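Remarks on the structure that follows.
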Amino acid sequence: MGATAIVTRFAPSPTGLLHLGHAHAALAAWQAAREAGGRFLLRIEDIDPTRCRPAYTVAILEDLAWLGLDWDGPVRVQSQHLADYRVALDGLAARGLLYPCFCTRGDIAREIAASAAAPHGPDGPLYPGTCRRLPPEQRAARIAAGEPHALRLDMAAALATLPAPLSFREHGERRCCDPARFGDAVLARKDIPASYHLCVTHDDALQGVTLVTRGEDLLPATDLHRLLQQLMGWPEPDYAHHRLLTDSAGRRLAKRDRAATIRELREAGVSAAEVRSRAGA
Ligand code: GLU
């Protein structure tokens with residue numbers, strides 16, 4: 001295999017049983033790798049212990065194996081690598097690109113309600129910047145007192161480091177990025193010393209992923225991911241977002257739709273080949 005061989009991944013969060021939509025995502029990544037003689041990786045994105053269950057991780061591995069999707073190398077389980085994400089955060093903090101945010105959801109909601117404009121980004125209302133303006137000695141005192149805090153990216157400072165506007169390749173076509181629409185994104189949560197955006201870009205780089213295939217609901221996140229890749233000196237993968245499967249009423253499949261889980265279909269006697277064809281359809 002040459003150095004440019006394609007590496008794809010399926011990166012589910014174990015918050016429920018896999019459904020046909022997941023099978024579609026896994027198949028897209030698996031097929032892209034297998035058709036090109038590349039590698040297909042499996043990564044479990046389980047940094048949130050309140051939403052993720054080890055039993056679902058076990059079920060994901062079983063369901064993928066039953067579907068006939070084999071993965072290369074060990075499964076990376078994100079919750080076992082929190083120290084790695086800390087190193088990346090420390091690097092950004094040392095460059096003055098992060099700041100601690102002590103705000104509660106209520107603080108943020110009140111601040112937004114009191115301001116004239118309330119711009120929204122892909123992850124919700126933009127943070128009004130309250131803690132960005134805290135004097136350094138106040139920050140230090142509150143951290144020393146053990147006050148819980150998130151770590152936010154100072155978006156303006158991060159954008160100022162860019163040598164040129166960012167872009168990404170989606171299905172082979174260059175597209176412009178506008179990471180500013182995320183505002184000062186949370187990179188380490190109050191309750192978890194990391195975040196989806198940080199971990200996903202960190203791991204794609206660490207694992208040498210060259211093609212990110214995932215649902216189009218995550219297309220907007222790519223703007224922020226490209227910024228993190230640029231800030232960290234991580235390579236730029238290609239992207240191929242795919243449509244999301246919907247039910248007969250046109251609603252996006254979700255984990256609550258028990259009828260569409262791989263498990264349920266399997267128990268109802270549907271063959272793996274049939275599930276694959278329904279997921280690919
Ligand atoms: N873990 C994410 C999810 O289950 C997918 C992350 C990604 O593919 O970038 O929605």
Side-chain angles (χ1 to χ4, degrees), residues 6-33 39-61 63-64 69 71 75-82 85 88 122-124 168-171 177 179 182 185-187 189 192 194-229 232 234-246 252-257 260-262 279:
I6 179 174
V7 180
T8 66
R9 55 31 167 214
F10 176 51
S13 297
T15 56
L17 291 169
L18 294 187
H19 56 59
L20 280 177
H22 295 108
H24 181 78
L27 269 167
W30 180 83
Q31 268 163 358
R39 304 182 72 225
F40 168 65
L41 310 179
L42 176 59
R43 184 166 75 225
I44 301 295
E45 303 209 325
D46 63 341
I47 56 165
D48 186 343
T50 63
R51 296 181 60 238
C52 299
R53 299 275 174 276
Y56 288 131
T57 298
V58 174
I60 287 171
L61 304 193
D63 287 352
L64 291 176
L69 303 191
W71 53 89
V75 178
R76 181 169 170 93
V77 178
Q78 287 190 328
S79 60
Q80 296 172 2
H81 299 283
L82 294 179
Y85 310 127
D123 285 349
F168 65 103
R169 240 156 59 117
E170 168 71 4
H171 290 290
C177 283
F182 278 83
V186 169
L187 294 191
R189 289 164 43 169
I192 302 168
S195 65
Y196 159 64
H197 297 303
L198 179 79
C199 298
V200 80
T201 46
H202 175 281
D203 285 359
D204 284 340
L206 179 81
Q207 298 187 284
V209 171
T210 63
L211 173 65
V212 172
T213 61
R214 60 184 177 197
E216 62 193 7
D217 53 328
L218 289 169
L219 183 61
T222 309
D223 291 14
L224 179 56
H225 296 178
R226 285 290 301 118
L227 175 60
L228 294 176
Q229 288 156 359
M232 297 302 297
W234 290 332
E236 174 192 349
D238 285 335
Y239 290 88
H241 291 84
H242 56 74
R243 69 196 171 81
L244 298 174
L245 293 198
T246 51
R252 177 181 155 189
L253 292 182
K255 285 177 177 151
R256 60 177 182 272
D257 301 316
T261 64
I262 310 301

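On a predicted model such as this, the values are computed, not experimentally measured, just so you know. In each ligand, atom 1 is the first atom listed, and ligand 1 is the first ligand listed. The basis for the numbers below is simple: all heavy atoms, side chains too, and nothing from hydrogens, waters or symmetry mates.
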Polar contact flag for Ser13 and ligand 1 (N/O pairs, less than 3.5 Å): yes

Enumerated ligand 1 atoms positioned under 4.0 Å from heavy atoms of Glu45: 1 (N), 2 (C), 5 (C), 6 (C)

Separation between CG (Leu244) and NE2 (His241), nearest 0.5 Å, reads 10.0 Å

Any idea which atoms of ligand 1 are less than 4.0 Å away from a heavy-atom of Arg9? 7 (C), 8 (O), 9 (O)

In chain order, what residues pass the side chain to side chain donor-acceptor pair (under 3.5 Å) check against Tyr56, with sequence neighbours excluded? none

I'd like to know if Asp48 pairs up with Arg189 as an ion pair, taking the criterion as any Lys NZ or Arg NE/NH1/NH2 lying under 4.0 Å from an Asp or Glu carboxylate oxygen. yes

Note: ligand 1 atoms sitting under 4.0 Å from heavy atoms of Tyr196 are 6 (C), 7 (C), 9 (O)

Cut-off 3.5 Å, side chains only: do His197 and Asp123 have a donor facing an acceptor? yes

Record the part of Val212 in heavy-atom contact with ligand 1 below 4.0 Å; permitted values are side chain, backbone, both and neither. neither

According to the salt bridge (charged side-chain N to carboxylate O under 4.0 Å, His left out) rule, which pairs have a member within residues 209-218, sequence neighbours left out? Asp217-Arg252

Provide the number and element of each atom of ligand 1 under 4.0 Å from a heavy atom of Leu218. 5 (C), 6 (C), 7 (C), 9 (O)

